[in-house]
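Since the structure is predicted, the reported quantities are computational estimates derived from the model, not experimental observations.
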Amino acid sequence: TIYMAYYTIARIINEKKIPAEKLTDEVFDYIFLGKDSVKQLSKKAGLEKKIIEELKKEFEYFYPVDLRSSGKDLLQNHLTFYLFHHVAIWDNPKYWPKIIGVNGYVNVAGTKMSKSLGNIIPLKNLVESVGADLVRINLVASNEGLNDADWRDESLSGYSSRIEFIGDLISNLKKAKRK
């Protein structure tokens with residue numbers, strides 16, 4: 001649950017083609033926790049001091065995670081341990097996650113949208129077929145409180161007619177003469 005710490009340095013590891021055997025526990029302890037001296041570590045791991053310092057600088061620049069978005073199904077396990085592990089590993093709160101956003105599901109006519117059920121509706125397809133405004137209105141109006149959104153095709157005609165009504169009203173207001 002702390003794999004995102006590795007993502008901060010993965011680019012350099014790949015670009016410099018650093019072999020796995022040189023990425024010892026001590027190297028990670030230095031990069032992520034500031035343990036040991038870079039001079040001693042360089043000799044022990046067989047990595048240039050400059051490279052180790054570059055890895056540390058990259059981690060320091062990109063950490064902590066500002067926003068972690070995930071599904072509500074991961075709240076009880078993965079996201080909870082994500083917090084626990086960060087607090088257990090880094091005693092400095094500056095490395096702890098700042099915000100976690102939890103997303104709900106989108107249902108289709110009362111049934112959870114799922115690949116296994118074959119009822120996936122790609123967002124791009126919806127926007128192309130009915131337009132972004134109708135997609136937004138249908139999703140926002142389809143849920144109550146903390147319930148999941150429920151996409152219903154039958155609601156589209158009602159929302160579409162209301163949007164047209166508002167458009168016509170605005171057009172007519174522009175044409176109206178003041179007295």
Side-chain angles (χ1 to χ4, degrees), residues 1-15 28 31-33 58-178:
T1 58
I2 62 160
Y3 54 86
M4 55 289 301
Y6 175 77
Y7 293 162
T8 66
I9 60 173
R11 177 189 59 81
I12 296 168
I13 291 169
N14 292 331
E15 285 175 3
F28 286 113
I31 295 166
F32 298 144
L33 304 173
E58 198 81 351
F59 169 72
E60 292 292 335
Y61 179 81
F62 283 107
Y63 232 68
V65 176
D66 293 328
L67 168 64
R68 171 72 192 272
S69 294
S70 194
K72 69 181 187 178
D73 55 324
L74 296 180
L75 185 59
Q76 295 164 339
N77 50 36
H78 185 77
L79 293 174
T80 303
F81 284 101
Y82 167 69
L83 290 173
F84 290 163
H85 290 158
H86 275 79
V87 171
I89 292 169
W90 287 281
D91 58 0
N92 187 339
K94 89 174 199 174
Y95 298 108
W96 299 352
K98 299 299 176 206
I99 298 171
I100 296 175
V102 179
N103 307 312
Y105 301 118
V106 175
N107 295 318
V108 178
T111 304
K112 178 182 165 191
M113 190 184 298
S114 164
K115 286 183 214 171
S116 64
L117 297 174
N119 64 349
I120 294 287
I121 307 171
L123 185 59
K124 182 180 180 214
N125 295 6
L126 285 173
V127 171
E128 287 172 358
S129 65
V130 300
D133 291 335
L134 278 177
V135 171
R136 289 182 189 120
I137 290 170
N138 201 11
L139 287 173
V140 169
S142 71
N143 67 340
E144 293 182 28
L146 296 175
N147 295 336
D148 294 326
D150 191 9
W151 181 267
R152 296 193 179 262
D153 287 334
E154 61 270 14
S155 302
L156 293 173
S157 61
Y159 299 135
S160 180
S161 68
R162 287 183 182 105
I163 289 173
E164 286 175 30
F165 171 77
I166 291 169
D168 292 344
L169 184 63
I170 291 168
S171 258
N172 291 333
L173 283 173
K174 286 180 181 178
K175 294 175 194 172
K177 294 183 181 182
R178 280 193 185 178

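Pairs passing the salt bridge (charged side-chain N to carboxylate O under 4.0 Å, His left out) check and including a residue from residues 151-167, sequence neighbours excluded, read Asp150-Arg152, Arg152-Glu154. Screening residues 60-79 for ring pair (Phe, Tyr, Trp, His ring centres under 6.0 Å), with sequence neighbours left out, gives Phe59-Tyr63, Tyr63-His86, Tyr63-Trp90. The list of salt bridge (charged side-chain N to carboxylate O under 4.0 Å, His left out) pairs with a residue in residues 96-116, not counting sequence neighbours, is empty. Here salt bridge (charged side-chain N to carboxylate O under 4.0 Å, His left out) pairs that include residues 65-90, with residues two or more places apart or in two chains, are Lys72-Asp148. Counting only residues at least two apart or in different chains, salt bridge (charged side-chain N to carboxylate O under 4.0 Å, His left out) contacts with residues 126-137 comprise Lys124-Glu128, Asp133-Arg136.
In this structure, Ser142 contributes its side chain and Asn138 its backbone to a donor-acceptor pair below 3.5 Å.
Scored by the side-chain hydrogen bond (donor to acceptor under 3.5 Å, both in side chains) test, Asn103 finds no partners at all (sequence neighbours excluded). Qualifying salt bridge (Lys or Arg N to Asp or Glu O under 4.0 Å) partners for Lys94, counting only residues two or more places apart in sequence or in other chains: Glu60. Under the rule for a side-chain hydrogen bond (donor to acceptor under 3.5 Å, both in side chains), the partners of Ser114 that lie at least two apart in sequence or sit in another chain are Ser116. For Tyr105, there are no ring pair (Phe, Tyr, Trp, His ring centres under 6.0 Å) partners, not counting sequence neighbours. With sequence neighbours left out, the ring pair (Phe, Tyr, Trp, His ring centres under 6.0 Å) criterion links Phe84 to Phe81. Listed by chain and number, the residues in a side-chain hydrogen bond (donor to acceptor under 3.5 Å, both in side chains) with Tyr159 amount to none (sequence neighbours excluded). Evaluation of the side-chain hydrogen bond (donor to acceptor under 3.5 Å, both in side chains) rule for Ser171 yields no partner, not counting sequence neighbours.
We find the CD1-NZ distance between Ile170 and Lys175 to be 12.5 Å, quoted to the nearest 0.5 Å. Here the CG-CG distance, from Leu126 to Leu134, works out to 10.5 Å after rounding to the nearest 0.5 Å. Between atom CG of residue Leu74 and atom OG of residue Ser69 there is a gap of 12.0 Å, rounded to the nearest 0.5 Å. The CG atom of Leu75 sits 8.0 Å away from the CD1 atom of Ile100 when rounded to the nearest 0.5 Å. Within the model, atoms CG of Leu117 and CG of Asn107 stand 10.5 Å from one another, a figure rounded to the nearest 0.5 Å. Expressed to the nearest 0.5 Å, how far CD1 of Ile9 lies from CD1 of Ile31 amounts to 4.0 Å.
Other residues, nucleotides and ligands place no more than 12 heavy atoms under 6.0 Å from the CD atom of Gln76. Within a 6.0 Å radius of CG in Asn172, other residues, nucleotides and ligands contribute more than 12 heavy atoms.
Phe32 is not listed as a side-chain neighbour of Ile2, based on a closest heavy-atom distance of 4.5 Å or more. At least one side-chain heavy atom of Pro97 sits less than 4.5 Å from a side-chain heavy atom of Leu83. Using a 4.5 Å heavy-atom cutoff, the side chains of Tyr6 and Ile13 are in contact. Put simply, the side chain of Tyr82 reaches to within 4.5 Å of the side chain of Val65, judged on heavy atoms.
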Given Ile163 and Ile137, is the side-chain contact (heavy atoms from CB on, under 4.5 Å) satisfied, shown in steps?
CA-CA 10 Å; Ile163 289 173; Ile137 290 170; 3.5 Å; yes
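Leu79 and Ser70 make their closest contact through CD1-CB, 3.8 Å (heavy atoms, listed as atom of the first residue, atom of the second, distance). In plain terms, the two heavy atoms of Ile121 and Trp151 that are nearest each other are CD1-CD1, 3.8 Å.
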